[in-house]
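One structure is given below, encoded as structure tokens.
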Amino acid sequence: MKICMVGTGYVGLVSGVCFSDIGNDVICVDHDLNKINNLKEGIIPIYEPGLQELVLKNYRNGKLKFSTNLKESINKSDIIFICVGTPTKKNEDGADLTQVYNVAREIRNSISKFKIIITKSTVPVTTGDEIEKIISNKKSKNLFSVVSNPEFLREGDAVNDFFYPDRIVIGTSNVKSNKILKNLYSPLVSKGAKYINTSRRAAELIKYASNAFLATKITFINEIANLCEKININVEDISIGMGLDKRIGSRFLRAGPAYGGSCFPKDTKAITATADKFKTNLSLIKTVIKSNENRSSLLIKRVLEILNRKIKNKKISFLGVTFKANTDDMRDSSCLSMIPSLNKMGAKINYYDPTGIKSELARYKNVIYSKDIKSAISKSDLIIIHTEWNDFKSINFKSLAKNKKVIIFDMRNLYSPSKMKNSNIKYFSVGR
Ligand code: NAD
């Protein structure tokens, strides 16, 4: 099939490349000329395991193309996926759909034969209706069909998630579009993915409800961890004991810092804003958002306790600053609130992340990027393990830190408290 991905970011690039790998002709379009030129040179704009090999392979064999010319790319394609950003509106909780509607208008001005137009971007319920309205303003409804196909891939595991998804959700009542999309996804369905066809609005809501539920699960175990700390219980016992119940499941039950990333914070807010618009109070999700927002201040309070409230001029080292491992994505990472707060209190921050220096932290005085773990933690007053990269799972802290008194706050529970005690390291973790 001939496919155009509009927006070559985490979602558009990964799914575009993977569609080309299963035999389709794909053009990945972006208005960022620099990004497109780099991709043509084989320079990948994001850190995503396994992506570079697939890009090089499919670009070289001609199944994958990159372009900034949307009109021409639409003309050459039968299926158009909208994969642009849907960030939170400024000073509001709802999703900002400017990029999506801009693309819809560009598509409207470019189509002359039947196209399936698909939102892969996460968009609030009724966005598909709005896109249909925008296009039908100038073009006959026989010329297009608007479908919702939300994306569930996880950064860090995105390529694998594309090829082996739990489910493929197609929101459309158009029989022809459903048939074509079933065919497009058949290589994944034959490997075990479940394919479900729902109404367009249901597909849009499935994505938000799923993310809100996962955010709730994380927040739930984080609050249970707070209780465990007060009564000397190991939260990991609770996670195991709960997770073995098949109705609950063990994933997303690991206590840690506030959830972050490009999806959960914005999507939990957007679903409550949508519900408010339809006069429905999603009070549970609103509480989750508040609890998560409080979590970073709660962890800072613990840092203060660990350092006996003497924070001025203390060297605090962050290991990992991305919101999770195996990605370079800094969007809404919890350290973006913790590092500036500690810095404001007078701490000197050194950080190391396997994906390199971060522009988001460049404007803070006394927040310095270290080129490796050793220089980040050397002579540190407190080492904070913020992200669960494999690189941080077996560090010989005593030899690297080069000071007699090593203090660690492990926000990801990567190490055993008893082993740390035996090594004479002052060790703090979460919920245990
Ligand atoms: P991103 O910011 O990485 O990529 C968006 C791209 O769209 C950018 O490269 C931007 O230049 C481009 N763009 C914007 N307007 C354009 C236009 N008019 N023409 C051409 N290109 C344009 O965003 P992302 O993380 O890939 O997310 C995209 C959508 O997918 C969002 O709605 C997000 O919620 C959803 N989503 C993201 C993930 C994830 O893990 N990142 C997972 C599932 C769903």
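Order of listing sets the numbers, starting from 1, for every ligand and every atom in it.
For Asp25 and Lys63, the salt-bridge test passes: some basic side-chain N is under 4.0 Å from an acidic carboxylate O. By the 4.0 Å N-to-carboxylate-O rule, Glu72 lies close enough to Lys76 to be salt-bridged with it. Between Lys207 and Asp267, none of the side-chain N atoms (NZ, or NE/NH1/NH2) sits under 4.0 Å from a carboxylate O, so this pair counts as no salt bridge. Between Glu236 and Arg432, at least one side-chain nitrogen of the basic residue sits less than 4.0 Å from a carboxylate oxygen of the acidic one, meeting the salt-bridge criterion.
The aromatic rings of Tyr427 and Tyr415 stand perpendicular to each other, their planes meeting at an angle above 60°, with 30° marking the opposite boundary. Between Tyr185 and Phe162, the two ring planes are tilted [angle within 30° to 60°]. The aromatic rings of Phe264 and Phe252 lie tilted to each other, with the angle between the two planes from 30° to 60°.
Using a 4.0 Å cut-off between heavy atoms, Arg331 contacts ligand 1 through its side chain alone, with no backbone atom that close. Residue-level proximity to ligand 1 for His31 is carried by backbone and side chain together, each with a heavy atom below 4.0 angstrom. Counting heavy atoms under 4.0 Å from ligand 1, residue Thr122 touches it through both backbone and side chain.
Contact annotation: Arg154 has no heavy atom less than 4.0 Å from any atom of ligand 1. The shell of residues lying under 4.0 angstrom from ligand 1, judged by heavy atoms, excludes Leu70.
Counting protein heavy atoms only, atom 29 (C) of ligand 1 is closest to Val84 O, 3.3 Å. The nearest protein atom to atom 14 (C) of ligand 1, hydrogens excluded, is given as Gln99 OE1, 3.1 Å; this is a heavy-atom distance. Among protein heavy atoms, atom 43 (C) of ligand 1 sits closest to Glu151 O, 3.2 Å.
For ligand 1, the atoms closer than 4.0 angstrom to any heavy atom of Val103 are 17 (C), 18 (N). The ligand atoms of ligand 1 that sit less than 4.0 angstrom from a heavy atom of Glu155 are 39 (C), 40 (O), 41 (N). For ligand 1, the atoms lying closer than 4.0 Å to a non-hydrogen atom of Cys83 are 5 (C), 28 (C). Atoms of ligand 1 lying under 4.0 Å from at least one heavy atom of Glu106, given by number and element, are 18 (N). Below 4.0 Å from some heavy atom of Lys35 lie the following atoms of ligand 1, by number and element: 8 (C), 9 (O). Taking a cut-off of under 4.0 Å to the non-hydrogen atoms of Lys266, the atoms of ligand 1 that pass are 33 (C), 34 (O). Close approach of ligand 1 to Gly7 (heavy-atom distance below 4.0 Å) involves ligand atoms 6 (C), 7 (O), 12 (C), 21 (N). Short contacts between ligand 1 and Val11, defined as distances under 4.0 Å to a heavy atom of the residue, involve ligand atoms 26 (O), 30 (O), 36 (N), 37 (C), 38 (C), 42 (C), 43 (C), 44 (C).
The side chain to side chain donor-acceptor pair (under 3.5 Å) analysis of residues 246-263, with sequence neighbours excluded, yields the pairs Glu155-Ser262, Asp245-Arg247. The salt bridge (Lys or Arg N to Asp or Glu O under 4.0 Å) pairs that include a residue from residues 121-138 are Asp129-Arg200, Asp129-Arg201, Glu130-Lys133, Glu132-Lys141, Glu132-Arg200, where partners are two or more places apart or lie in different chains.
Remark: among candidates Thr86, Val123, Asp329, the nearest residue to atom 32 (O) of ligand 1 is Thr86, based on non-hydrogen atoms. Remark: among candidates Phe152, Tyr10, Tyr101, Tyr208, the nearest residue to atom 24 (P) of ligand 1 is Tyr10, based on non-hydrogen atoms.
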List the steps, then state whether salt bridge (Lys or Arg N to Asp or Glu O under 4.0 Å) holds for Arg331 with Asp329.
CA-CA 6 Å; Arg331 288 178 282 186; Asp329 200 342; 3.1 Å; yes

Stepwise side-chain hydrogen bond (donor to acceptor under 3.5 Å, both in side chains) test for Asn149 and Lys120:
CA-CA 5 Å; Asn149 170 215; Lys120 221 176 216 328; 3.0 Å; yes

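Counting heavy atoms of neighbouring residues, nucleotides and ligands inside a 6.0 Å radius, atom CZ of Phe114 exceeds 12 of them.
The distance criterion of under 3.5 Å between nitrogen or oxygen atoms is not met by Asp32 with respect to ligand 1. The distance criterion of under 3.5 Å between nitrogen or oxygen atoms is met by Asp30 with respect to ligand 1. Some N or O of Ser262 is nearer than 3.5 Å to an N or O of ligand 1, by distance alone.
Each of Asn211, Asp93, Thr86 was checked for a side-chain hydrogen bond (donor to acceptor under 3.5 Å, both in side chains) with Lys266, and the lone residue meeting it is Thr86.
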